[in-house]
2 protein chains.
Amino acid sequence: MPRVGQAEGQALLERFRRYLRDQHQPVTRQRDVVAGIVLQADDHLSVGAIQRRLKERGHRIGLATIYRVLEILVASGLVKAHDFGEGFRRFEPVTGQGRHEHLVCTRCGRVLEFANEQLERVLPIIADEHRFQLQRHRVEIYGVCQACQQL
Amino acid sequence: MPRVGQAEGQALLERFRRYLRDQHQPVTRQRDVVAGIVLQADDHLSVGAIQRRLKERGHRIGLATIYRVLEILVASGLVKAHDFGEGFRRFEPVTGQGRHEHLVCTRCGRVLEFANEQLERVLPIIADEHRFQLQRHRVEIYGVCQACQQL
DNA sequence: TTGCCTGCAAAGTATTTGCATAACA
DNA sequence: TGTTATGCAAATACTTTGCAGGCAA
């Protein structure tokens, strides 16, 4: 079950092309291909994973270009960058499903998502109690996923 | 108001020396000095900050040694390492005050702590709902601290 | 056509490792 | 005194940047 449906991925890609045109930036083949992979991913991709998929599909795109496209994608708001403390970042398409947090498997690296109303409610209160102007938060649960427990 | 009182810092340092002796590892001057700085810190120190304090106090200790002492401190359980997504880690002495999470100021880098019972209660439930064997979690609130808001 | 994007390689940052020397027990 | 920690420098991993040439508009 993909995070982003085929159709939603296509729609996001279309929005990215539009974003580039609006910004008077060219829609290059590299940008289209990299964005296509990230925006249609059913997972939280690392740069390494993106590079691998590019190779599999026969595309020869430089590493620097991947990073530069990701920068644009994040700036466009269509992609979010995450740092799960692995020493590298991962990238996730921003779908309509709204705010969610992450469960990260420390064995296989798989990332699951969850939403919890209670959590989202309490964090602004805590920030307020400490006179913090909340900008964003990060909630991650690390553990062993069901599949890895059975090995 | 320091996180770790002078007395508590001293006690932690004493425990570190005992830990080394128990492990049949030498208590060298470098280990003692670096541990002293980290264990008595009133803040979440980066390696850069540790290095700076060492220089201020006239100690010439190699960078590699700092990292190696930190590795021992973390292994001993007296220090916790944190990754606040800044591209480097920070280190915090483990005091008796128990579990807490962090508020990180995105302007000045200051780190405040907070504890919230509701939060600690809900996270294991969420892990369970997703058949995740919980190992640890991370809750961070990023925003602008009170001092920085007034600038 | 023309300016910006791309690819390559080099640089940059945080951290780790190898090795000769020095210091602790 | 023998073992092992230290200091320096080189290596590593991820990411960013500079520059010559290629491509989108």
- request: Give a yes or no answer on whether the side chain of B:Arg136 reaches the backbone of A:Ile141 with a donor-acceptor pair at less than 3.5 Å.
  value: no
Rounded to whole Å, CZ of B:Phe88 lies from P of C:dT15 at a distance of 8 Å
Side-chain contact check for B:Tyr67: nearest option of C:dC5, D:dT15, C:dA14 is C:dA14
Please check the phosphate of C:dT15 (OP1 and OP2 only) for any side-chain N or O of B:Arg89 closer than 4.0 Å.
-> yes
Between CD1 of B:Ile50 and C1' of C:dA14 the distance, given in whole Å, is 13 Å
A:Phe84 atom CZ is separated from D:dC14 atom P, nearest whole Å, by 16 Å
Q. Would one find a side-chain N or O of A:Gln30 under 4.0 angstrom from OP1 or OP2 of D:dA24?
A. no
In short, A:Asp83 meets A:Gly85 closest at the heavy-atom pair OD1-N, 2.8 Å
Could you tell me whether the phosphate oxygens of C:dC5, OP1 or OP2, come under 4.0 Å of any side-chain nitrogen or oxygen in A:Arg31?
yes
Tell me whether the side-chain N/O atoms of B:Arg17 come closer than 4.0 Å to OP1 or OP2 in C:dC24. no
Closest to the 5' end of DNA chain C, once B:Phe91 and A:Thr65 are matched to their nearest nucleotides, is A:Thr65
From the candidates D:dG7, C:dG7, C:dT15, the one with an atom nearest any side-chain atom of B:Leu63 is C:dT15
(request) Indicate whether the side chain of A:Arg31 and that of A:Gln25 have a donor and an acceptor atom separated by less than 3.5 Å. (result) yes
Rounded to whole Å, CD1 of B:Ile61 lies from P of C:dA22 at a distance of 17 Å
Distance col, row B:Gln149:CD vs B:Arg107:CZ, nearest 0.5 angstrom, shows 8.0 Å
Problem - Neighbour count above 12 (heavy atom, 6.0 Å) for A:Arg131 CZ - result: no
A:Asp32 CG to D:dC23 C1', in whole Å, measures 15 Å
Between CG of A:Asp83 and P of D:dT15 the distance, given in whole Å, is 9 Å
Closest to the side chain of B:Gln25, out of C:dT17, D:dA5, D:dT15, is D:dA5
Between CG of B:Leu20 and C1' of D:dT3 the distance, given in whole Å, is 16 Å
Per nearest nucleotide of DNA chain C, the residue lying toward the 5' end, B:Ala64 or B:Glu86, is B:Glu86
Please confirm whether the shortest side-chain N or O distance from B:Thr28 to OP1 or OP2 of D:dT6 is below 4.0 Å. yes
Atom CD1 of A:Ile66 and atom C1' of C:dC5 are separated, to the nearest Å, by 15 Å
Quick note, A:Arg68 side chain, CB onward, closest among C:dC8, D:dT15, D:dA25 is C:dC8
